[in-house]
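One-based numbering, in listed order, for ligands and for the atoms of each. All heavy atoms count here, side chains included; hydrogens, waters and symmetry mates do not.
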Amino acid sequence: MSLQLQMLGTGSAFAKKYFNNNALLGDGSFTLLIDCGITAPLALHQLGKTFNDLDAVLITHIHGDHVGGLEELAFQMKYAYHRKMKLYIAEALRDVLWEHTLKGGLSQPGQITCLEDAFDVHTLQPGVPCRLSEQIELELIPNRHIPGKDSFSLYINGRIFYSADMTFDPGLLDKLVGERGCDTILHEVQLEGPGEVHTTLSELLSLPEPVQRMIRLMHYADNKDEFVGKTGEMTFLEQGHVNTL
Ligand SMILES: O=c1ccn([C@@H]2O[C@@H]3COP(=O)(O)O[C@H]3[C@H]2O)c(=O)[nH]1
Ligand SMILES: [Zn+2]
Ligand SMILES: [Zn+2]
């Protein structure tokens, strides 16, 4: 069974040529938005879509390029489309998202006083697969991104790894490929400099070639074109293209 992946954006947090690294994952009758960053409303509009075309949104961690578009999404759903969007979120991020990100803009006494007033909230536990649609099952995998902040990668249908933002974890990739049937890796990449909170291209180039062949690169900087042909066996995901996974 194949899925369709269309990146709303493939850019790093500071990219200006590319929108935020947010994705549409569809199975033909259900569409999930993976992360909803600052640029998501415009990126969606430029693809000729609206928030009403989506069935659910999932958040990987609390950074503006992954959650900055949620206020507009919630307001549009309430006042333009008169329904709540399903929100899939790790239990550990639920209160943080409301208290530290959304409450200031969304709260309206008597109308919106908690996350559940704005979204149809479904909490996820890491390591426990959750069926989102007939053809999409998804598991959160805790990752290392910012020390002391919760952040999650995604494992989809027991074969597709979506890194979200994370530092290099070759042991995890080795385990997913060697023991858990992973055949597709959608991985963030920092093209230059020390990784610090991201995974660098040089780190990914240290992976065995068969693993590199599974990797599509995303969350990259504006000078990505300078690196075409310099990514070993790995290829870049392109913003707006529809990929069959
Ligand atoms: O300790 C830190 C924390 C953050 N940052 C930058 O802020 C950005 C936030 O979004 P991001 O996670 O996509 O990318 C992050 C980096 O570009 C950093 O360089 N070092
Ligand atoms: Zn990011
Ligand atoms: Zn981040």
**Asked** What atoms in ligand 1 come closer than 4.0 Å to a heavy atom of I146?
**Response** 3 (C)
**Prompt:** Purely on distance, is any nitrogen or oxygen of H61 under 3.5 Å from one on ligand 1?
**Reply:** no
**Asked** Given NE2 of H219 on one side and NE2 of H66 on the other, what angle do they make at the Zn ion (ligand 2), to 10°?
**Response** 120°
**Prompt:** Quick check: does D35 put an N/O/S atom under 2.8 Å from the Zn ion (ligand 2)?
**Reply:** no
**Request:** With the Zn ion (ligand 2) as the reference point, give the N/O/S atom of D65 that is nearest.
**Result:** OD2
**Request:** Decide, counting backbone as well as side-chain atoms, whether D165 has an N, O or S atom less than 2.8 Å from the Zn ion (ligand 2).
**Result:** yes
**Request:** State whether the shortest distance between N or O atoms of D165 and N or O atoms of ligand 1 falls below 3.5 angstrom.
**Result:** yes
**Item:** Aromatic ring pairing H122/Y88, orientation class (parallel under 30°, perpendicular over 60°, tilted between)
**Value:** tilted
**Protein residue, atom and distance nearest to atom 2 (C) of ligand 1, heavy-atom basis** = V197 CG1, 3.7 Å
**Asked** Should the pair H61 and H66 be assigned to parallel (<30°), tilted (30 to 60°) or perpendicular (>60°) ring geometry?
**Response** tilted
**Complete:** E71 and L102 have their tightest heavy-atom pair at N-CD2, 4.0 Å
**Message:** Going by the closest heavy atom to atom 13 (O) of ligand 1, which one wins out of I62, D65, D35?
**Reply:** D65
**Asked** H63: which N/O/S atom is nearest the Zn ion (ligand 3)?
**Response** ND1
**Message:** Check for me whether H198 has a heavy atom closer than 4.0 Å to any atom of ligand 1.
**Reply:** yes
**Request:** Distance to 0.1 Å, residue and atom name: give those for the protein heavy atom nearest to atom 7 (O) of ligand 1.
**Result:** F14 CZ, 3.6 Å
**Complete:** Tightest non-hydrogen contact, residues R83 and F51, listed as NH2-O, 4.0 Å
**Asked** Does Y220 have its ring centroid less than 6.0 Å away from the ring centroid of F236?
**Response** yes
**Message:** Please list, in number order, the atoms of ligand 1 under 4.0 Å from a heavy atom of H145.
**Reply:** 12 (O)
**Note, L5 side chain near R216 side chain (heavy atom, < 4.5 Å)** = no
**Request:** Can you sort out which atoms of ligand 1 are near H219, meaning under 4.0 Å from one of its heavy atoms?
**Result:** 13 (O)
**Message:** When you compare the side chain of Q239 with that of Q46, does any pair of heavy atoms fall below 4.5 Å?
**Reply:** no
**Least distance between heavy atoms, L70 atom then F119 atom** = O-CZ, 3.9 Å
**Min side-chain heavy-atom separation K224-L191 under 4.5 Å** = yes
